[in-house]
Number of protein chains: 4
Amino acid sequence: MAGRKPEKPLSKSENTRNALLEAALRVLSEKGLAGTRVSMIVKESGYSQGTFYVYFENKEAILYEIVSPVLDKLYEVAMGFWEKGELYESVRHAIRSYLVVYSENADVMRILVEGAASKDKALERLYMDTRRRFQQRIHRYLTAASKNGQTEDIDLEVAAFALGSMVDSFAYWFYVMQPKHKRSMDIDQVSTTLTDLWCNSVYKREALRDG
Amino acid sequence: MAGRKPEKPLSKSENTRNALLEAALRVLSEKGLAGTRVSMIVKESGYSQGTFYVYFENKEAILYEIVSPVLDKLYEVAMGFWEKGELYESVRHAIRSYLVVYSENADVMRILVEGAASKDKALERLYMDTRRRFQQRIHRYLTAASKNGQTEDIDLEVAAFALGSMVDSFAYWFYVMQPKHKRSMDIDQVSTTLTDLWCNSVYKREALRDG
Amino acid sequence: MAGRKPEKPLSKSENTRNALLEAALRVLSEKGLAGTRVSMIVKESGYSQGTFYVYFENKEAILYEIVSPVLDKLYEVAMGFWEKGELYESVRHAIRSYLVVYSENADVMRILVEGAASKDKALERLYMDTRRRFQQRIHRYLTAASKNGQTEDIDLEVAAFALGSMVDSFAYWFYVMQPKHKRSMDIDQVSTTLTDLWCNSVYKREALRDG
Amino acid sequence: MAGRKPEKPLSKSENTRNALLEAALRVLSEKGLAGTRVSMIVKESGYSQGTFYVYFENKEAILYEIVSPVLDKLYEVAMGFWEKGELYESVRHAIRSYLVVYSENADVMRILVEGAASKDKALERLYMDTRRRFQQRIHRYLTAASKNGQTEDIDLEVAAFALGSMVDSFAYWFYVMQPKHKRSMDIDQVSTTLTDLWCNSVYKREALRDG
DNA sequence: CATGAATGAGATTTCATTCAT
DNA sequence: AATGAATGAAATCTCATTCAT
């Protein structure tokens with residue numbers, strides 16, 4: 001009774017749709033955006049070429065549907081807890097959650113980066129919007145702290161973006177570019193260091209001590 | 001007597017080669033990697049289709065030649081001054097130089113990001129290698145400071161990468177994704193904030209005060 | 001009850017495939033291997049350029065499919081009767097059959113010769129293998145006769161190859177190189193002479209008289 | 001003084017021409033006719049692309065110049081001795097000489113076969129003409145023998161072509177198709193067998209015994 | 001719903017040949 | 001005599017998309 005939706009059985013058409021989405025993700029993960037062909041997706045899905053166009057208008061459409069929910073999840077999970085708890089802990093929680101979701105969707109994030117850089121309008125916008133949402137949220141939070149005299153005297157708008165960038169870019173390097181077997185550091189260790197950097201950089205030492 | 005080499009006139013073939021490289025950069029900047037066709041490059045250059053293949057084996061070859069020197073320049077310029085001066089100033093100089101070169105080559109950096117994300121082996125490696133070079137250099141620098149008791153007690157390896165990422169990712173957002181007319185902040189202002197964040201995050205407050 | 005399979009109607013795709021094969025043969029016959037373009041084949045077939053690549057990986061693939069069955073037929077027809085009948089007659093039957101099938105497939109044989117000479121690995125091997133199969137079969141046959149003391153005292157291995165070559169090369173000249181209107185001799189006449197040469201060259205005169 | 005031409009030193013232009021011819025032969029031997037590019041020839045020769053067209057009108061021209069003299073030599077050497085000596089010996093001498101020259105020019109012969117089969121007009125004609133010259137010569141010789149009652153009662157025109165074909169085709173297989181290391185038989189052995197076949201096939205046994 | 005055959009525009013690449021120097 | 005830069009027509013192959021069944 002824990003808020004779980006009762007599992008409605010999926011209709012035949014929903015099944016096919018999902019199968020195509022999953023197949024697309026698998027192919028995109030392996031081949032990258034530029035290397036993915038519709039023919040690969042349908043082959044992977046087991047359905048036929050024509051079926052693809054029953055469910056998606058074109059190649060870009062399926063892309064958007066794959067990337068979009070991951071970004072929403074990322075935002076929701078990382079920003080949900082924020083503001084409720086104590087200073088250091090709420091930062092740490094946000095960072096750690098971000099890394100967890102990122103690691104689970106590293107392939108999608110790679111695709112997003114590729115697409116946004118390639119001037120694909122839809123993905124470029126998705127990417128920008130998400131980063132701005134993060135920035136604004138962080139900025140709002142820092143401003144609040146600054147009103148309590150807890151922050152150092154720096155440009156909080158730039159800081160908000162820079163710190164968000166730091167975590168995001170670290171995640172990209174750590175989970176996307178780095179081959180799995182080379183990751184010597186574990187997520188808790190990393191989260192702690194990132195949180196230390198974040199907090200040291202903007203908060204006064206006293207503010208941290210007091211929480 | 002200023003040490004400048006007397007400018008040897010370029011041979012005909014060197015001229016053509018350069019013209020193609022420049023045309024390629026223009027097209028890549030406008031269309032992105034995935035959107036660039038050899039036909040566009042030759043049209044832009046004024047040469048014929050066949051001429052392209054006299055000078056470059058294929059599309060990837062010209063790509064590498066465009067991206068590679070920019071990365072070298074970026075490293076050289078940003079890391080050159082490092083270690084010589086006073087703590088805060090040397091960080092600031094590095095960051096500012098990085099941003100300057102980045103802004104002058106924003107288009108190329110976008111291409112690099114797209115290419116590395118797209119699993120193009122050559123560019124992926126170029127990207128990784130460069131980031132690692134930066135990380136190692138920063139790490140070495142932080143370690144030196146830590147031996148003088150100047151750093152906070154954090155994981156310097158992660159810090160090195162995270163701080164490098166912060167600057168790089170900020171630059172990407174600021175110069176690549178952001179349309180020019182929306183950039184309200186100027187480079188000095190931004191450099192200062194980034195330097196503040198950087199220094200606050202790793203160095204002890206005393207160390208900063210003393211230089 | 002005549003053992004004929006009821007003719008299953010060919011599927012759409014089988015039809016297209018066959019149409020391409022037939023068109024390819026026509027073009028290859030007229031233009032030769034080096035002079036044949038995929039564009040010519042599809043034009044001749046009435047299908048579009050893209051359709052070709054739905055059915056065949058590339059030019060070489062369709063080539064192999066055209067040549068290979070002809071060689072099998074040639075071997076089967078020429079060697080099928082062999083050994084059953086009387087000496088002279090079985091040789092004559094084999095030679096005549098060879099010439100008949102050769103004349104019906106002269107164009108294909110020309111292509112095979114061109115392809116094998118051009119160092120196309122697949123065709124070179126096909127050519128070699130077929131010639132060796134013939135040689136071995138003839139050699140076996142001559143050896144059997146030699147055990148009955150019916151052959152002259154010569155190197156039967158060389159003889160086997162040389163006699164096979166004689167018939168094959170004659171057929172090539174007669175049906176491939178010679179323009180049709182210049183062929184004054186008819187197939188029976190020619191078969192008889194070739195059989196005479198063959199038999200005289202290896203068999204003892206007595207053996208021939210006795211059969 | 002044995003008829004050797006006094007070696008006039010070659011002019012510069014003759015040198016270049018020869019260098020190109022030799023380079024062309026090397027490339028053609030390795031790559032086959034269809035696989036040879038003008039660019040390969042000039043690279044092999046060390047001269048430049050433009051130089052090729054100073055000496056040869058086009059690609060076909062150099063081809064003809066390479067093949068033509070070999071055919072002349074083949075005819076001259078094989079047919080020169082003919083008719084002078086005793087029956088068996090003159091046949092054997094002709095066959096052996098043919099094989100010797102063939103083996104020395106196997107690469108060229110392969111090119112000729114490829115070119116003739118490919119419907120290259122010039123080479124097709126060269127090939128046909130040469131084979132006809134051989135046939136006519138052999139035919140004339142057989143007819144002479146037949147007037148002395150030395151031949152079996154068979155169609156001498158067909159025989160002439162068939163026997164010529166036999167030797168030629170054997171040589172092709174032996175020196176062109178067969179990789180060198182697989183040739184177990186030596187030229188004397190082979191010549192003898194071919195001569196035996198030839199003589200047995202057309203001459204009366206008595207004629208052979210008497211010479 | 002699903003199919004799979006067919007398409008054709010367009011991308012990459014090749015290469016014999018020309019020509020000004 | 002020799003060069004080598006430039007060409008451009010043409011060949012191969014790709015692939016997102018359509019559509020009749």
Side-chain angles (χ1 to χ4, degrees), chain A residues 11-17 19-20 35-43 45-62, chain B residues 11-17 19-20 34-42 45-60, chain C residues 11-17 19-20 34-42 45-60, chain D residues 11-17 19-20 35-43 45-62:
Chain A
S11 71
K12 195 177 172 192
S13 111
E14 281 171 312
N15 256 325
T16 309
R17 199 164 209 291
L20 285 168
T36 294
R37 310 280 164 253
V38 173
S39 64
M40 295 170 177
I41 296 174
V42 297
K43 192 172 190 185
S45 78
Y47 286 95
S48 74
Q49 198 88 350
T51 302
F52 183 90
Y53 290 90
V54 173
Y55 291 95
F56 303 96
E57 262 202 31
N58 51 36
K59 218 183 155 191
E60 276 81 50
I62 202 173
Chain B
S11 72
K12 197 177 177 192
S13 103
E14 280 170 317
N15 260 322
T16 308
R17 199 165 207 289
L20 286 168
T36 295
R37 310 277 163 255
V38 172
S39 62
M40 295 170 178
I41 297 174
V42 297
S45 77
Y47 287 97
S48 74
Q49 197 84 355
T51 302
F52 182 90
Y53 290 92
V54 172
Y55 293 94
F56 304 96
E57 275 211 3
N58 49 39
K59 236 205 303 185
E60 280 74 48
Chain C
S11 72
K12 198 176 176 195
S13 102
E14 280 169 316
N15 260 323
T16 307
R17 200 165 207 290
L20 285 168
T36 294
R37 309 278 164 252
V38 172
S39 63
M40 295 170 179
I41 296 174
V42 296
S45 77
Y47 287 96
S48 75
Q49 195 88 353
T51 302
F52 182 90
Y53 291 93
V54 172
Y55 293 95
F56 304 97
E57 276 212 0
N58 50 38
K59 236 205 304 185
E60 279 74 48
Chain D
S11 73
K12 194 177 173 192
S13 112
E14 281 169 315
N15 257 324
T16 309
R17 200 164 208 291
L20 285 167
T36 294
R37 310 279 163 254
V38 172
S39 64
M40 295 171 178
I41 296 174
V42 297
K43 192 170 191 185
S45 78
Y47 287 95
S48 75
Q49 199 89 350
T51 303
F52 183 90
Y53 290 90
V54 173
Y55 292 95
F56 303 95
E57 262 203 30
N58 51 36
K59 218 183 156 191
E60 276 82 48
I62 201 172

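Chain identifiers are assigned alphabetically (A, B, ...) following the order of the sequence lines, protein sequences preceding nucleic acid strands; residue numbering begins at 1 within each chain.
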Specify the separation, in whole Å, of atom OH of C:Tyr55 and atom P of E:dG4. 12 Å

Heavy atoms of B:Ala19 and B:Ser45 approach each other most closely as O-CB, 4.2 Å

Would you indicate, yes or no, if F:dA1 has its OP1 or OP2 atom less than 4.0 angstrom from a side-chain nitrogen or oxygen of D:Thr16? no

Round to a whole Å and report the spacing from NZ of D:Lys43 to P of F:dT3. 16 Å

Minimum side-chain heavy-atom gap A:Thr36-A:Ile41 below 4.5 Å: yes

Distance test, side-chain N/O of C:Tyr47 to OP1/OP2 of E:dG8, below 4.0 Å: no

Is D:Phe52 close to D:Ile62 at the side-chain level, that is, under 4.5 Å between some pair of heavy atoms? yes

If you compare all heavy atoms of C:Asn58 against all heavy atoms of C:Tyr53, which two are closest, and at what distance to 0.1 Å? CA-CE2, 4.3 Å

Minimum heavy-atom separation for D:Glu57 and D:Ala61, please, with both atom names. N-CB, 4.1 Å

Would you indicate what B:Ser48 reaches in the nucleic acid, counting non-hydrogen atoms under 4.0 angstrom: base, sugar-phosphate, or nothing? base

Minimum heavy-atom distance A:Arg17-A:Tyr55, with the two atoms named: NH2-O, 3.6 Å

Atom CD of C:Glu14 to atom P of E:dG4: distance rounded to whole Å? 14 Å

For DNA chain F, please output the secondary structure as dot-bracket, reading 5' to 3'. Pairs are Watson-Crick or G-U wobble, both atom distances under 3.5 Å; mark crossing pairs with [ ], other-strand partners with |, unpaired with a dot. .||||||||||||||||||||

Working note: C:Ser13 + C:Thr16, criterion side chain to side chain donor-acceptor pair (under 3.5 Å); need CA distance, chi angles, decisive distance, verdict. CA-CA 5 Å; C:Ser13 102; C:Thr16 307; over 6 Å; no

Can you check each nucleotide of nucleotides 11-16 of chain F against protein heavy atoms at under 4.0 Å and return B for base, S for sugar-phosphate only, - for none, in 5' to 3' order? SBBBSS

Categorize C:Phe56 for me: base, sugar-phosphate, or nothing, with a 4.0 angstrom heavy-atom threshold over every strand shown. nothing

